[in-house]
Student: 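Starting off with a structure, shown below.
Being a predicted model, the structure only gives us computed values, none of them experimental. Below, chains carry the letters A, B, ... as their sequence lines are ordered, and counting in each starts from 1.
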2 protein chains.
Amino acid sequence: MSTVEPLLAALERGGYQRTEPRRLVATMVAQHDGHFTAPELVRESRRRGLPVGRATIFRALDVFLALGLVERLDLPDGEHAYVLCEPTHHHHVVCQRCGRTAEVDDDRGLRTVVQEIEQHTGYAIDTHRVELFGTCPSCQAQEAGPAGRAR
Amino acid sequence: MSTVEPLLAALERGGYQRTEPRRLVATMVAQHDGHFTAPELVRESRRRGLPVGRATIFRALDVFLALGLVERLDLPDGEHAYVLCEPTHHHHVVCQRCGRTAEVDDDRGLRTVVQEIEQHTGYAIDTHRVELFGTCPSCQAQEAGPAGRAR
DNA sequence: GTTTTTGCAAACCATTTGCAGGGTC
DNA sequence: GACCCTGCAAATGGTTTGCAAAAAC
């Protein structure tokens with residue numbers, strides 16, 4: 001969970017207005033440390049009584065996406081989710097248990113693989129999407145035994 | 001473009017019935033060499049006057065997916081597409097121009113990268129999805145000049 | 001004859017859009 | 001005051017489902 005400030009600052013830097021509804025969406029986004037979907041935010045805003053319309057949430061997410069503050073993930077079941085992230089990194093490891101994500105900065109090995117693939121296939125690759133799914137350390141610990149006993 | 005036979009054979013092997021509607025869907029699938037979406041098949045079946053209902057197409061694709069005959073792709077724009085593929089390979093390079101795909105069998109380099117990521121992040125990774133987008137050789141040639149002149 | 005499949009239409013749910021009113025710079 | 005942003009409600013599409021009839025084993 002992070003703060004909203006950086007998000008709002010990025011809005012202004014990008015030439016977007018710093019409005020109340022966007023601040024509310026930013027707050028919800030910042031409070032998730034795992035991934036979340038647009039409909040989830042919509043439900044959450046209703047539950048918490050936040051004055052933001054459905055369309056605004058979708059539109060705000062688009063803006064955040066355009067600014068690179070958030071990234072789109074496609075979960076294994078086909079759902080479209082988002083994660084808050086650094087504007088530079090590009091891949092995520094997603095925990096299938098709790099939804100938490102970690103960023104993967106090791107682009108070096110990947111870049112090599114992509115080059116090899118270009119040579120093998122003859123395709124000129126300009127973007128790639130890599131999503132990794134597994135279990136995060138903390139969920140692994142729980143699975144080993146809720147009593148705290150190591151596996 | 002491939003034949004329907006292998007698809008139908010796989011159906012039986014998997015304990016599913018070899019029915020007419022499924023054969024029709026298999027035919028459409030086999031005739032695409034790029035990716036396709038469920039709604040696309042629905043439209044195609046109507047255009048060609050094939051007697052298959054919408055729901056049946058969705059259900060047939062689910063069966064093919066379960067059998068590993070087809071794989072699900074998430075295009076950069078978020079669309080859910082499918083590609084016909086070998087039951088063993090797992091990644092695709094997708095041409096953004098014509099939609100054609102090539103399979104990537106080089107899992108070796110990737111496996112190494114995944115292991116490194118596991119060590120860095122502490123996550124236990126059990127599945128990964130890799131999708132590569134670019135331009136296929138034949139579209140590259142066209143881009144260089146439709147007259148056939150080499151770049 | 002029993003079990004699968006199918007088709008249809010309706011239901012569902014995510015996402016987008018038109019437009020009038022409100023907020024921000 | 002001009003332009004950007006929002007909310008609402010309706011439209012749009014993809015996907016699923018209930019159920020009775022039809023096909024397959």
Student: Taking only residues two or more places apart in sequence or in another chain, which ones pass side chain to side chain contact (heavy atoms under 4.5 Å, CB included) with A:T37?
Tutor: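 Per chain and number, A:T37 pairs via side chain to side chain contact (heavy atoms under 4.5 Å, CB included) with A:P39, A:E40, A:E79, A:A81.
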Student: Would you list the atom pairs, donor with acceptor, under 3.5 Å between side chains in residues 45-55 of chain A and any protein atom, with sequence neighbours excluded?
Tutor:
{"unit_1": "A:S45", "atom_1": "OG", "unit_2": "A:V42", "atom_2": "O", "d": "2.7"}
{"unit_1": "A:R48", "atom_1": "NH1", "unit_2": "A:Q31", "atom_2": "OE1", "d": "3.0"}
{"unit_1": "A:R48", "atom_1": "NH1", "unit_2": "A:E44", "atom_2": "OE2", "d": "2.7"}

Student: With heavy atoms under 4.0 Å as the rule, sort A:V42 into base, sugar-phosphate or nothing.
Tutor: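 Result for A:V42 = nothing.
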Student: Mind checking ring pair (Phe, Tyr, Trp, His ring centres under 6.0 Å) for B:H80 and listing every partner two or more places apart, or none if nothing turns up?
Tutor: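 Once residues adjacent in sequence are excluded, the partners of B:H80 under the ring pair (Phe, Tyr, Trp, His ring centres under 6.0 Å) criterion are A:H80.
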Student: Taking any atom under 4.0 angstrom from a heavy atom of chain B, which nucleotides of DNA chain D are the first and last to qualify, 5' to 3'?
Tutor: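 The contacted stretch runs from D:dG14 to D:dA24.
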Student: If the condition is side chain to side chain contact (heavy atoms under 4.5 Å, CB included), which residues does B:Q17 pass it with, not counting sequence neighbours?
Tutor: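 By the side chain to side chain contact (heavy atoms under 4.5 Å, CB included) rule, B:Q17 matches B:T19, B:R22.
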Student: B:E103: which residues meet the side-chain hydrogen bond (donor to acceptor under 3.5 Å, both in side chains) condition with it, sequence neighbours left out?
Tutor: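 For B:E103, the residues satisfying side-chain hydrogen bond (donor to acceptor under 3.5 Å, both in side chains) (neighbours in sequence not counted) are B:H89.
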Student: Would you work out how much the helix from C:dG1-D:dC25 to C:dC25-D:dG1 bends between its ends, with each end axis defined by five base pairs, to 10 degrees?
Tutor: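 Computed from the C1' atoms at both ends, the axes differ by 30°.
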Student: With sequence neighbours excluded, tell me which residues meet side chain to side chain contact (heavy atoms under 4.5 Å, CB included) with A:R13.
Tutor: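 Partners of A:R13 under the side chain to side chain contact (heavy atoms under 4.5 Å, CB included) test: A:A9, A:A10.
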Student: Would you mind building the protein contact string for nucleotides 12-25 of chain C? One character per nucleotide, 5' to 3', B for base within reach (heavy atoms under 4.0 Å), S for sugar-phosphate only, - for untouched.
Tutor: --SBBBB-----S-
Student: If a pair satisfies salt bridge (charged side-chain N to carboxylate O under 4.0 Å, His left out) and one of its residues is in residues 58-70 of chain A, list it, with sequence neighbours excluded.
Tutor: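 Every candidate salt bridge (charged side-chain N to carboxylate O under 4.0 Å, His left out) pair involving residues 58-70 of chain A fails, so no pair, neighbours aside, qualifies.
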Student: Can you name the residues that form a side chain to side chain contact (heavy atoms under 4.5 Å, CB included) with A:P137, not counting sequence neighbours?
Tutor: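 Side chain to side chain contact (heavy atoms under 4.5 Å, CB included) list for A:P137, sorted by chain: B:Y123.
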Student: If the condition is ring pair (Phe, Tyr, Trp, His ring centres under 6.0 Å), which residues does B:F36 pass it with, not counting sequence neighbours?
Tutor: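 Partners of B:F36 under the ring pair (Phe, Tyr, Trp, His ring centres under 6.0 Å) test: B:H32.
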Student: If you apply the rule side-chain contact (heavy atoms from CB on, under 4.5 Å), what do you find for B:H91 with A:I117, and how did you get there?
Tutor: CA-CA 11 Å; B:H91 306 303; A:I117 294 173; over 6 Å; no
